[in-house]
Each structure stands twice: as C-alpha cells, then as structure tokens.
Amino acid sequence: MQPQRHRPACITPPHPYRDTSSDWEEALGKIAILGPPRQPSDREFSDLEEAEAHGLQLGLWEAASIARRALADDREELPDSSIATYATLTESERDHLKALNGILERAERRFYPAAVEISRRLRDRVKDSEDPLSDYEVYLTIDFYLAKDDPDWISDDDNLIGSVVERLTDVEDEPEFGFGAFGTNHAEPGRFPGEHHCWLYHEASDHVGLGWRDLLRVGLVWSDFIINEQTAIPVVPPAGCAATEEP
C-alpha cells in the first residue's frame, strides 16, 4: 500500500519565516532547522488565501535549504545546520548513502527500458489516424520518506521529506547523460573519488533541496511510474444546428 499523503500544515510561522535579522545566514539556519510547514491529517485548507500562505512558507523553506547547501559546498558545516559537507561524513554514513545510490540505480534500470518502449508505442499510436490517442506523458516520481526510528517520524503523517520527478516522455534511447545513461558517472568531478553516481541519486542530492543529513534519514523509497494517455474529442453540433455565439 502506498504511504498516506497529507498536505503540509498551513500554520502561522514562528519568526524564522519572517526574520529581519541582518545576519541572513543565521536566518537561513533557523528556517532549515524549523523544517517545512505541516498540515494535520484531519483538516484541509480552508480557503485559497490559506493555501497560498502555505505555498509561500514552503517555498521559503526550500529556498533556504538550497541556499545552505550552496554555502556548505565551499566550507565547513555551518552552525546549527542539518546540512553537512560530504567531507564531514563518517565512512559508515557514506556507505549508507552508497546503498541509497544503489537502490536508485536499480530503480532507474527498471524503469528506463519501460519508458523507452512505452514512449515508442504511444508515439506510434498518436501517428495512427484510426487511434483516438492525441498525446501522452510518461513520468517517474521517486518519494523519500523518513525512517520509522527517526525522532521526527509521526505516526499519522506521511513523513515525506522530498521527491524527484523525472519526465520520461520520449526519453532518449542510449543517452550519454541523464536518466538511463548508466555508463556516465553523474558525480561531480573531484568531489566523490571512487564513487559512481546514477542520475536519480544525482537529482536527489543536488537538485531537490535535500542535504546529506536529510538523505541519511530516509527509511523508505517509493516509486510511481505514471503514464498519461490524452485524447481530444471535438464537439460537433448536429447537422442543421448553428453553434451558439458567445455573449
């Protein structure tokens, strides 16, 4: 069964979200520690304004996480941060991350040939004048969930901490880079000696705002392979009936 998804909370944020401190690094640290806003499972957004407020809070948290990762790339770990440079990790922690890389590579090897074949088949159907298919989309979503022994794990929450969304519509056959390029090492040169990173791991560690400490907290990886078949059906008025003009 798929892990239950709940909307994050739309809350009146504590001061880190509207920090006016001149020390912007300190403000970023407070946002990163606070984490994303959460939504109790027994309520929905009451109106559009509340939903928009949540979006702003979540956007600020994600932006802060990305900014802190950029800072951490070039120096020691910042104080009070959950984001660490790779150099600060222990051998055991690096082994844990290598295992996660292996899980994601196996997922990539499973879904890549399926995406190529399905795209080819759907593309041929679009070209077939006898087939009603008008267009199509193929996506892969990889969700990362907290381990149950994590101190922030909540029994009635989805515990989702991040996702990679990969558009696989008409994915290349034998690409040199990106999803499905298994012969390419997507690790940044010089930063990970002796390691080979698959595309999905590169996406998770570099492009979705998750730091190394975040990835070490992952206890479940959930994949959704999504195929959207789209059909456009024109509405033609019956013979003898004129179309009604717009007022």
Side-chain angles (χ1 to χ4, degrees), residues 1-5 62 65-66 69 73 86 89 93-128 131-147 158-232:
M1 179 180 294
Q2 181 177 7
Q4 186 69 27
R5 281 176 173 266
E62 291 177 342
S65 297
I66 293 171
R69 288 180 60 228
D73 277 344
Y86 198 74
L89 301 181
E93 288 171 333
R94 294 189 189 191
D95 287 343
H96 185 100
L97 292 173
K98 290 175 185 177
L100 178 60
N101 178 45
I103 290 172
L104 295 175
E105 181 174 354
R106 288 192 292 275
E108 193 169 333
R109 288 185 180 276
R110 173 188 174 190
F111 291 112
Y112 169 72
V116 171
E117 176 57 31
I118 289 170
S119 290
R120 183 182 295 119
R121 176 167 51 83
L122 294 177
R123 187 164 55 247
D124 290 341
R125 287 182 56 193
V126 170
K127 296 176 181 178
D128 184 355
D131 194 304
L133 186 67
S134 302
D135 206 350
Y136 58 92
E137 294 288 348
V138 182
Y139 286 93
L140 174 64
T141 300
I142 303 290
D143 295 327
F144 301 97
Y145 294 87
L146 285 176
D158 60 13
N159 297 290
L160 177 69
I161 61 173
S163 300
V164 171
V165 180
E166 196 73 19
R167 184 176 183 269
L168 302 181
T169 307
D170 295 328
V171 65
E172 289 184 55
D173 196 359
E174 299 183 3
E176 295 183 359
F177 186 82
F179 190 88
F182 303 113
T184 299
N185 187 355
H186 295 94
E188 294 184 28
R191 289 189 60 193
F192 310 96
E195 296 188 22
H196 186 283
H197 292 181
C198 72
W199 175 253
L200 288 178
Y201 183 70
H202 170 73
E203 286 282 275
S205 60
D206 247 24
H207 296 161
V208 297
L210 292 176
W212 302 118
R213 297 294 180 199
D214 300 316
L215 292 173
L216 287 169
R217 302 170 72 189
V218 172
L220 177 69
V221 177
W222 183 271
S223 60
D224 271 328
F225 188 56
I226 304 164
I227 305 167
N228 291 330
E229 296 190 10
Q230 303 161 349
T231 300

Engineer: Apply side-chain contact (heavy atoms from CB on, under 4.5 Å) to residues R121 and I118 and explain how you reach the verdict.
Structural biologist: CA-CA 5 Å; R121 176 167 51 83; I118 289 170; 3.7 Å; yes
Engineer: When you measure from the side chain of Y139 to the backbone N and O of T169, does any donor-acceptor pair fall under 3.5 Å?
Structural biologist: no
Engineer: Spell out, as yes or no, whether a donor-acceptor pair under 3.5 Å connects the side chain of D128 to the backbone of R125.
Structural biologist: no
Engineer: Where is the tightest heavy-atom contact between L215 and L97, given as atom of each residue plus distance?
Structural biologist: CB-CD2, 3.6 Å
Engineer: Quick one: side chain to side chain donor-acceptor pair (under 3.5 Å) partners of R120, sequence neighbours excluded?
Structural biologist: E117
Engineer: Do E195 and Y86 get their side chains close enough for a donor-acceptor pair, meaning under 3.5 Å?
Structural biologist: yes
Engineer: Taking salt bridge (charged side-chain N to carboxylate O under 4.0 Å, His left out) as the definition, give me every residue that meets it alongside E93, ordered by chain and number, with sequence neighbours left out.
Structural biologist: R213
Engineer: If I take atom OG from residue S223 and atom CZ from residue R106, how far apart are they, to the nearest 0.5 angstrom?
Structural biologist: 12.5 Å
Engineer: Quick one: CD1 on I142 to CD on E166, what's the gap to the nearest 0.5 Å?
Structural biologist: 9.0 Å
Engineer: Report yes if the side chains of E172 and F179 come closer than 4.5 Å at any heavy-atom pair, otherwise no.
Structural biologist: no
Engineer: Begin with the C-alpha distance, continue with both residues' side-chain angles, and end with the deciding distance and a verdict on side-chain contact (heavy atoms from CB on, under 4.5 Å) for E203 and L104.
Structural biologist: CA-CA 10 Å; E203 286 282 275; L104 295 175; over 6 Å; no
Engineer: Taking all non-hydrogen atoms of both residues into account, name the closest pair between N185 and H197 and its distance.
Structural biologist: OD1-N, 2.9 Å
Engineer: Which heavy-atom pair separates S119 from Y136 by the least distance, and what is that distance?
Structural biologist: O-OH, 3.7 Å
Engineer: Please report the closest heavy-atom contact between P175 and G180, naming both atoms and the distance.
Structural biologist: CG-C, 3.8 Å
Engineer: side-chain contact (heavy atoms from CB on, under 4.5 Å) between V221 and L100: does it pass, once the steps are laid out?
Structural biologist: CA-CA 9 Å; V221 177; L100 178 60; 3.9 Å; yes
Engineer: Would a distance-only check, ignoring hydrogens and angles, find a side-chain to backbone donor-acceptor pair under 3.5 Å from E108 to C198?
Structural biologist: no
Engineer: For a quick test of reading the model, state the closest non-hydrogen atom pair linking F225 to L168 and the distance between them.
Structural biologist: CE1-CD1, 4.1 Å
Engineer: Atom CG in L200, atom CZ in F111: separation rounded to 0.5 Å?
Structural biologist: 9.5 Å
Engineer: If every non-hydrogen atom of G190 is compared with every non-hydrogen atom of P193, which pair is closest and at what distance?
Structural biologist: O-CD, 4.1 Å
Engineer: Out of curiosity, K98 NZ to Y201 OH, how far, rounded to the nearest 0.5 Å?
Structural biologist: 9.5 Å
Engineer: Got V164 and F144 here, is their nearest side-chain heavy-atom distance under 4.5 Å?
Structural biologist: yes
Engineer: Pick from L210, I161, L146, I103: which one makes a side chain to side chain contact (heavy atoms under 4.5 Å, CB included) with V218?
Structural biologist: I161
Engineer: How are the rings of W212 and F192 set relative to one another: parallel (under 30°), tilted (30 to 60°) or perpendicular (over 60°)?
Structural biologist: perpendicular
Engineer: Taking the inter-plane angle between the rings of H202 and W199 on a 0 to 90° scale, is it parallel (under 30°), tilted (30 to 60°) or perpendicular (over 60°)?
Structural biologist: tilted
Engineer: Between CZ of R123 and CG of D170, what distance do you get to the nearest 0.5 Å?
Structural biologist: 4.5 Å
Engineer: Is a donor on one side and an acceptor on the other found under 3.5 Å between the side chain of D224 and the backbone of I226?
Structural biologist: no
Engineer: Would the number of heavy atoms belonging to other residues, nucleotides or ligands and lying under 6.0 Å from CZ of R110 be above 12?
Structural biologist: no
Engineer: Distance from T184 atom OG1 to H196 atom NE2, nearest 0.5 Å?
Structural biologist: 7.0 Å
